[in-house]
Amino acid sequence: MSTKLKRFCRAVCLLGLGLVLTLGAAAPAGAAARHKKASGHHHHMVKAKPPCKNPLHHLGRVKASRLYPNAPLGTAAKLKKAFAEKSFQKVVQRVFDEARIGPAAANLISAVAALPDDARPREVPTGTKLDWMGYRKHGKARIMYDACWVGKGSFAAWTFSVPGADGKNVDLVVPVPCGNISQVTPPTCVLRVDQSGGTTVLDLTGSKAGGAPIASYGSNPELPQGPPGRFQVAGGAECEPGANCPSVKEELWVEDVLGFRSESGQCTYERPGNPRPPVCQLKVTWDNGVFHVDATGSGVAVQSITVTGTGPEGDTAQGTMTGSQRTTDITHTPKKSGDWTFTSDVLGENGMHANCNATVRVCLPPVAKITSTSYNCETRQMTIDVTGSSDHRVVTVGGETLAGNGPTYTYDVKHSGAYPVELTADDGICPENKATATASTDVKPFGDTARWTFRLFGADVRASSDDDTLMLASGTDYRRKINLGAHHGGYGAGFEYRSLHVCDLSRWGIAVDAIHSQLDSHLLVDRPTAWGRTQEDVSFTPVLLSLNYHFTPGKPVDLFIGPSVGYAFLDSVTYNTLGSSYSEKFDDDFIYGVNFGLDVPFGTEHNYAFTAGLRQLFFKAKGSGTFSHNFDLNPTIATAGFAFRFR
């Protein structure tokens, strides 16, 4: 053997010996290290076996693996924008088709679109299992099954529970860093019922977690919960209002840290039901002859709802609703405005009743009706009747408001003319609704309806001249001749009374007039030696009673005519001529005739009038004394003057 070969062999042996010694020293160190780990004192971690086939340590670090290349999707706005892109929606659909839940893709897209703008993602803890995850590989969407998160700390993700094709919900997670989509198995609810004591215990603590740890336990209706997952119940359960329920089915569930709940129907429990009366809620409005009844909120299980309303003066209205009906209209014509009280009787399916009330104000259109207006000439009062109008009334006459509330009003007329009457009426309950009515009454001038007329006038009396001649056979005088008549002026006054009839003057009036005038009387005496003539005035005063018929009462010219009877007064006279005195007495006597006249009123109220008249009288003056002759006078008297008309 050569020297070089010997040296090589020696080196190999030394190297082998050193390696053996090194390994021998390392073995106790490893054992010590394992001993320290078991006792809690260690410096190095031994990797545990991951809980899934595809453990995930990082998300979104490699952009090419992101399902949505422009991730992260940290806000609701970014998430909505991503799922609104048509290209990304196609990617989502391919992922769901490969996972064999294709119909759920559209539901996820809709759920993202409906997400509130202020929504926030959840934290997915380490150890969360994912049934599958959609991601990209070589630019194409792929499915990775049996994955789990084993990274350091939790990651943020959006969670959704959407309907699947089989009617069950599909629970999904969309990680913020990458936009990948994963399905998570929800927890499984397991119920154990313990009725050994006086209180029933519903135990959910045996429930199993799905992809994430269980976080809470719940029930519907809500039950008292002792230790987490253990519900203690006693007695019966409250039934829905009005429901006929011998028992109540209650559902319990478990919920994981991601907010995913166990499937419905896994944990149910029935207990005896406590029946409750139905709920009664009522609202009533009124509009143009119809009561709108709204019993929305009444329930829950209702057989019928009977609504009865009571209004003013005992007025009633009624309506009925059955089944699910909660509104109805009651057509009714109320007697008058006022507050109506409606009572609702809700009959539940269990035979129990509930009652509630509602009040509504009915405002009917008010009525303003001026039934009549009349003017009484005697009292000079206007009477206004508003019978049939609404209860609250205001009446004005010529702008002056009358006192009282009617239905009849009296107004003292102050002057003649047209008086406008206005009525404003409401029912006193709904003052915002008012009605008006108008009328007008014409009042004639007061003078046109006056009972009394006082006349002052001048007169012109024209009487027929009549004479008598006395021939004497002996004595001083052989002939005497007397004359009575001619014409004179005069004056007079009179009253006329006319009764009122239906606020208008009667056409008949009774007048008394006295006229004073004079007649001329001449005496002629013949003697053989001389003749003499003298004149004396004879006072003539007829007092006449006339029954006048007025053709045009109340007109601008009041014409009247009628018969007159009276008594005429005449004076006796003494004639002095040729130194001798002669006396003649004219007797007072009855007089009659015809009276024709007219009054022309003037002044604001026609209280004054210009008056004129013409009388034709028939009268024979009887003389006694020197002649004892009857003289046919038949005077015609014309008068003109002024009249004052008053009550």
Side-chain angles (χ1 to χ4, degrees), residues 54 56-125 128-149 151 153-186 210-212 255-261 263-264:
N54 294 300
L56 303 175
H57 297 270
H58 306 283
L59 290 173
R61 176 177 293 181
V62 179
K63 186 174 182 180
S65 66
R66 299 175 187 172
L67 194 63
Y68 185 70
N70 294 326
L73 305 174
T75 64
K78 290 182 179 180
L79 181 69
K80 289 182 177 183
K81 180 181 178 182
F83 276 79
E85 295 177 7
K86 298 297 182 181
S87 58
F88 186 61
Q89 290 179 0
K90 293 179 180 179
V91 172
V92 172
Q93 187 64 56
R94 283 195 294 271
V95 170
F96 276 66
D97 289 341
E98 187 173 343
R100 298 180 181 179
I101 55 171
N107 295 335
L108 174 61
I109 294 171
S110 298
V112 172
L115 196 67
D117 292 338
D118 58 351
R120 295 290 182 269
R122 288 178 176 267
E123 293 296 321
V124 179
T128 299
K129 298 178 182 179
L130 308 175
D131 295 350
W132 53 264
M133 173 178 281
Y135 70 105
R136 287 182 186 271
K137 184 176 182 181
H138 304 305
K140 294 183 179 181
R142 293 284 186 269
I143 289 287
M144 176 194 300
Y145 290 95
D146 192 15
C148 59
W149 172 246
S154 60
F155 67 86
W158 301 95
T159 59
F160 300 92
S161 185
V162 300
D166 57 357
K168 297 181 180 180
N169 284 347
V170 178
D171 298 329
L172 302 169
V173 172
V174 180
V176 168
C178 56
N180 295 352
I181 301 175
S182 299
Q183 181 176 353
V184 179
T185 299
E255 185 174 316
D256 62 20
V257 295
L258 301 181
F260 298 133
R261 289 185 179 182
E263 292 181 6
S264 177

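The first residue of the sequence shown is numbered 1, and numbering continues consecutively from there. Only a predicted model underlies this, so the values are computations on that prediction, with no experimental measurement involved. All values below were derived from every heavy atom in this structure, side-chain atoms included, with hydrogens, water molecules and symmetry-related copies excluded.
- The two residues F260 and P186 make their nearest non-hydrogen contact at CB-CB, 4.5 Å.
- The SG atom of C178 lies 7.5 Å from the CZ atom of F155; values are rounded to the nearest 0.5 Å.
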Check: residues 113-124 side-chain donor-acceptor pairs under 3.5 Å, at least two apart:
unit_1 : atom_1 : unit_2 : atom_2 : d
D117   : OD1    : K80    : NZ     : 2.8
R120   : NH1    : D118   : O      : 3.2
R122   : NE     : L258   : O      : 3.1
R122   : NH1    : V257   : O      : 3.4
E123   : OE1    : S154   : OG     : 2.8

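- With rounding to the nearest 0.5 angstrom, the CD1 atom of I181 is 14.5 Å from the OH atom of Y135.
- No donor-acceptor pair under 3.5 Å is formed between the side chain of R261 and the backbone N or O of E255.
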Distance-only criterion, 3.5 Å: show the donor-acceptor pairs between side-chain atoms of residues 156-166 and protein atoms not counting sequence neighbours.
unit_1 : atom_1 : unit_2 : atom_2 : d
W158   : NE1    : L73    : O      : 2.8
S161   : OG     : D171   : OD1    : 2.8
D166   : OD1    : K168   : N      : 3.1

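- With contacts defined as side-chain heavy-atom distances shorter than 4.5 Å, the pair L56/M144 qualifies.
- Between the side chain of N180 and the main chain of L67, a donor-acceptor pair closer than 3.5 Å is present.
- One distance of note links CG of L172 with CZ of F96; it measures 4.5 Å at 0.5 Å rounding.
- In plain terms, the two heavy atoms of E98 and Y145 that are nearest each other are O-OH, 3.5 Å.
- In this structure, the separation between CD1 on I143 and CZ on R94 is 11.5 Å, given to the nearest 0.5 Å.
- Atom-to-atom distance recorded for C148:SG and M133:CE is 10.0 Å, nearest 0.5 angstrom.
- Of all the heavy atoms in P69 and K63, the pair that sits closest is O-CE, 3.4 Å.
- Using a 4.5 Å cut-off on side-chain heavy atoms (C-beta onward), V91 and Y68 make no contact.
- Here the closest heavy-atom approach between residue G179 and residue A71 is recorded as N-CB, 4.0 Å.
- Listed for the N169 side chain is no donor-acceptor partner under 3.5 Å among the backbone atoms of E263.
- Not a single donor-acceptor pair under 3.5 Å links the side chain of Q183 to the backbone N or O of L130.
- Side-chain atoms of R142 do not come within 3.5 Å of backbone N or O of K137 as any donor-acceptor pair.
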